[in-house]
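These notes are about the structure you will find just below.
If you read the sequence from its start, that first residue is 1, and numbering goes on from there. Quick caveat: nothing in here was measured; it's all calculated off a predicted structure.
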Amino acid sequence: MNGSRARDAGQPLLLGVRHHGPGSAKAVRAALEASRPRVVLIEGPPEADPLVPLAAAEDMRPPVALLAHAVDEPGRSAFWPLAAFSPEWVALRWALEHGVPARFIDLPAAHTLAWERDEEDGGGEDMDGGGKDGEDGGMDAGAEQDALDEDVRVDPLGVLADTAGYDDAERWWEDVVEHRGAGKGDALAPFTALEEAMTALRETYGSDGHGRDLIREAHMRLRIRDAQRDFEDGVAVVCGAWHVPALRRRTGVTADRALLKGLPKVKTDVTWVPWTHRRLSRAGGYGAGIDSPGWYAHLFAAPDRPVERWLTKVAGLLRAEDRTVSPGHVIEAVRLAETLAALRGRPLPGLGEATDAVRAVMCEGSDVPLALVHDRLVVGNVLGEVPHTVPAVPLQRDLERTQRRLRLRPEAAERELDLDLREETGAERSRLLHRLRLLGIDWGRPAAARSGTGTFRETWRLRWEPELAVRSAEAGVWGTTVLAAATAKAEADAVAARGLADVTALAEHCLLAALPDALPVVMRVLADRAALDTDVAHLAQALPALVRSLRYGDVRGTGTAALAEVAAGLAERVFVGLPPACAGLDADAAEEMRGHVDAVHGALSLLGDVPAAPDGRLRARWRAVLRTLSARDTVPGVLRGRAVRLLLDEGELAQDEAARFMGLALSPGTPPADAAAWIEGFVGGSGGGLLLVHDERLFGLVDRWLTAVPTEAFTDVLPLLRRTFSAYESGVRRTLGELVRRGPGRRDRTDTAAAGAPGFGPGVDEARADAVLPVLRLLLGPDCDEGTRGERVEVRR
């Protein structure tokens with residue numbers, strides 16, 4: 001039965017589509033123009049019917065999505081994404097442009113979310129079977145995705161492609177639909193052919209053993225009957241092609257209502273939210289999406305010659321990245337794509353042929369620039385927009401106002417943002433991003449600053465993902481503004497925190513986010529936990545975050561007197577408990593404790609920048625603890641070596657004394673494994689290699705010990721030594737290798753006054769010294785010639 005005869009017989013016009021298919025979208029537009037229905041029914045949640053008029057707003061730009069979430073549990077949600085090339089979006093816009101009512105007819109989201117809540121695994125299936133976690137709605141899956149995962153259900157397009165002799169369903173769809181040309185000839189012919197194919201599949205597979213499709217289709221039939229009573233034979237239905245045979249089948253109203261009886265239900269809210277092309281793609285982790293949304297958008301928008309226009313667009317992108325791509329490259333790429341299509345028996349070049357042509361002609365066989373083309377064009381960073389009049393929770397409205405005030409526009413592409421905290425705008429942006437992170441809205445993630453490590457600068461990487469709309473709705477339970485919600489969330493997290501380190505980290509976040517009302521609660525919990533916790537490792541983990549909080553508070557002008565008192569008390573307890581806690585540890589525990597020692601040392605070094613901290617007393621006490629660790633035999637070698645190294649770096653230990661400690665640790669009576677651990681603690685980490693390069697006595701001690709290690713013990717200590725020395729920079733390793741080749745202590749010592757540093761020859765190379773004089777003249781100006789003689793002397797020095 002073709003679509004024309006179905007309408008003549010009083011039946012609805014059923015337009016089976018592939019969701020997010022540009023060919024289906026063009027065919028739907030042609031069919032609606034030809035049939036001129038009086039009402040358009042679309043697969044989607046009926047709760048969204050009041051939102052239909054917003055699709056015609058000037059500031060509504062796809063890709064967008066319908067978001068439904070449970071009122072009492074905003075985190076439980078589902079999306080129905082729509083791109084400009086989605087057949088449902090085309091049908092919706094056609095209805096609005098022609099003054100025709102548009103309705104959604106799928107199973108209500110209230111039932112879908114309730115089903116998801118009741119599932120034991122918490123995964124939830126989307127309304128067209130495409131994804132997980134309730135994120136994938138009815139419109140986000142293609143006709144082949146109208147089923148669940150392939151392990152459970154049939155893939156309709158895969159079966160049809162395999163029947164036609166194709167090994168790729170995407171390529172088959174392009175050949176038979178995208179390259180066919182919509183609107184030519186009978187506008188309803190493609191829907192008739194697709195319905196016949198799906199009818200054959202349904203006859204073979206039925207509902208594939210999954211009852212949810214039967215329930216959804218029963219609800220759709222009831223809504224279609226309601227529309228037929230209101231509009232008689234002027235009803236057009238746009239739905240996944242998989243459902244068309246079931247909607248065509250005549251069933252009783254009583255039977256359909258029986259299937260819907262007793263379904264679980266939750267109260268839901270529905271709104272429009274921005275979506276992205278990246279989230280439409282499988283490459284972006286969206287399991288119910290499509291491979292190439294950017295390519296599909298191009299196919300839908302291109303008026304003619306899509307391959308030529310696509311390759312021209314690729315050439316523009318590569319030229320913008322400073323690659324040499326000429327018009328001749330484009331011409332040759334077009335010819336190659338057409339030749340490949342002919343060789344492969346395809347009616348027109350598709351994305352595969354275009355990609356192969358780009359790789360061969362424009363990228364010279366390299367996949368590196370091709371990856372850029374895939375990311376920027378094949379997938380794309382398009383971010384949709386929705387009107388400000390769409391329903392939203394108060395917190396989301398406050399966030400949008402703050403974004404506009406601070407000129408922080410959400411973007412789908414990742415970008416880097418450098419903030420100067422001394423400027424008011426930079427400080428406010430920083431506070432907003434830190435508050436959002438406290439609320440679980442990870443719009444921005446901190447990154448290493450390129451301009452240095454000072455506390456007056458921050459670097460963030462920003463990327464807006466559609467799921468953040470759900471996080472905003474979920475965070476609305478904490479307050480109506482970002483500040484109020486972050487304050488309430490911080491207080492609740494402090495009370496619920498399990499470990500001391502969690503509370504100190506939270507105190508740091510409160511200072512970074514400027515939450516003065518939450519800080520007293522956090523500090524009270526912190527003081528209570530610190531007084532009760534006796535584990536030195538926990539105390540050592542907590543101290544660095546607390547000291548960072550002091551430093552940030554000082555930079556941002558926040559009162560931190562209470563933090564200083566808690567930090568001092570915490571440090572004193574670490575000093576008392578650390579020596580006994582370091583005794584008798586095995587290798588793994590000793591390595592973990594070494595990290596704690598480094599963290600405490602770094603934290604106490606930062607305290608020197610904080611006026612409120614009792615610097616002198618704490619630093620002196622810490623040095624005494626390090627001396628105790630360095631001299632106690634019951635302490636593992638890695639900790640003793642680390643303590644000596646820290647004292648040496650601080651200038652509290654002379655090099656002669658450090659050499660004495662090393663000599664004792666590497667004496668013949670020390671087991672090789674313990675000696676290797678001491679070496680790792682002493683020279684491991686930053687600067688350890690340079691220490692050996694510039695102190696030949698220490699280098700000689702290590703060299704002599706290593707050559708004296710017995711053969712049977714060498715294989716035991718080799719992994720530890722390899723881990724230590726492989727962490728050095730290549731230049732340091734190369735210099736150490738030269739010293740080993742030459743041998744320590746073998747340079748000419750006859751002229752000690754002229755002897756240079758290890759690895760350097762004695763005396764001065766006058767020719768090399770004179771070579772810098774022209775540069776000095778350029779730097780100092782022409783008047784410096786009179787002092788050339790003095791300059792030469794200084795250079796030689």
Side-chain angles (χ1 to χ4, degrees), residues 535-541 543-544 574-575 577-605 622-650 652-653 655 657-692 695 697-699 701-706 708-710 713-728 732-733 736:
D535 191 320
V536 174
H538 293 169
L539 299 175
Q541 283 179 319
L543 186 60
V574 170
F575 300 158
L578 189 60
C582 291
L585 298 177
D586 61 19
D588 293 337
E591 186 61 32
E592 182 180 355
M593 188 61 74
R594 171 192 171 185
H596 296 326
V597 170
D598 285 343
V600 171
H601 184 78
L604 293 175
S605 298
W622 175 241
R623 289 191 289 268
V625 171
L626 291 178
R627 284 190 174 275
T628 301
L629 294 178
S630 65
R632 186 167 291 182
D633 292 338
T634 57
V635 174
V638 67
L639 293 175
R640 286 186 283 119
R642 196 61 182 167
V644 172
R645 169 68 184 282
L646 294 177
L647 289 171
L648 181 64
D649 290 346
E650 287 285 305
E652 295 298 319
L653 199 66
Q655 289 192 347
E657 193 174 359
R660 184 179 67 83
F661 275 112
M662 177 178 281
L664 292 174
L666 304 184
S667 62
T670 304
D674 292 346
W678 196 98
I679 291 175
E680 183 186 18
F682 183 75
V683 299
S686 176
L690 290 176
L691 190 64
L692 293 179
D695 193 322
R697 289 171 302 171
L698 299 180
F699 177 82
L701 287 171
V702 175
D703 183 70
R704 286 193 295 273
W705 168 80
L706 187 59
V709 173
F714 185 76
T715 54
D716 294 332
V717 302
L718 181 60
L720 190 61
L721 295 173
R722 183 180 181 86
R723 183 176 67 185
T724 301
F725 289 99
S726 64
Y728 296 159
V732 173
R733 293 200 302 270
L736 289 174

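- At least one donor-acceptor pair under 3.5 Å links the side chain of Arg640 to the backbone N or O of Val635.
- Within 6.0 Å of CG in Asp633 there are 12 or fewer heavy atoms belonging to other residues, nucleotides or ligands.
- Among all heavy-atom pairs drawn from Met593 and Cys582, the shortest one is CG-SG, 3.6 Å.
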* Starting from the C-alpha separation in whole Å, work towards a yes-or-no answer on side-chain contact (heavy atoms from CB on, under 4.5 Å) for His601 and Glu650. => CA-CA 10 Å; His601 184 78; Glu650 287 285 305; 3.5 Å; yes

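- Annotation: side chain of Arg623 is not in contact with side chain of Arg627 (no heavy-atom distance under 4.5 Å).
- Across all non-hydrogen atoms, the minimal contact from Val638 to Ala590 is CG1-CB, 3.7 Å.
- Leu629 and Ala643 get closest at one heavy-atom pair: CB-CB, 4.0 Å.
- To the nearest 0.5 Å, the span separating CG on Leu647 from CG on Leu626 amounts to 4.5 Å.
- Counting all heavy atoms, side chain and backbone alike, Pro580 lies closest to Arg632 at N-NH1, 4.3 Å.
- The only member of Val574, Val625, Leu646 that meets side chain to side chain contact (heavy atoms under 4.5 Å, CB included) when paired with Val597 is Leu646.
- Between Thr628 and Leu578, every side-chain heavy-atom pair lies at or beyond the 4.5 Å cut-off.
- Interatomic distance, Arg594 CZ to Glu591 CD, rounded to the nearest 0.5 Å: 5.0 Å.
- Residues Phe661 and Leu648 fail the side-chain proximity criterion, which asks for heavy atoms closer than 4.5 Å.
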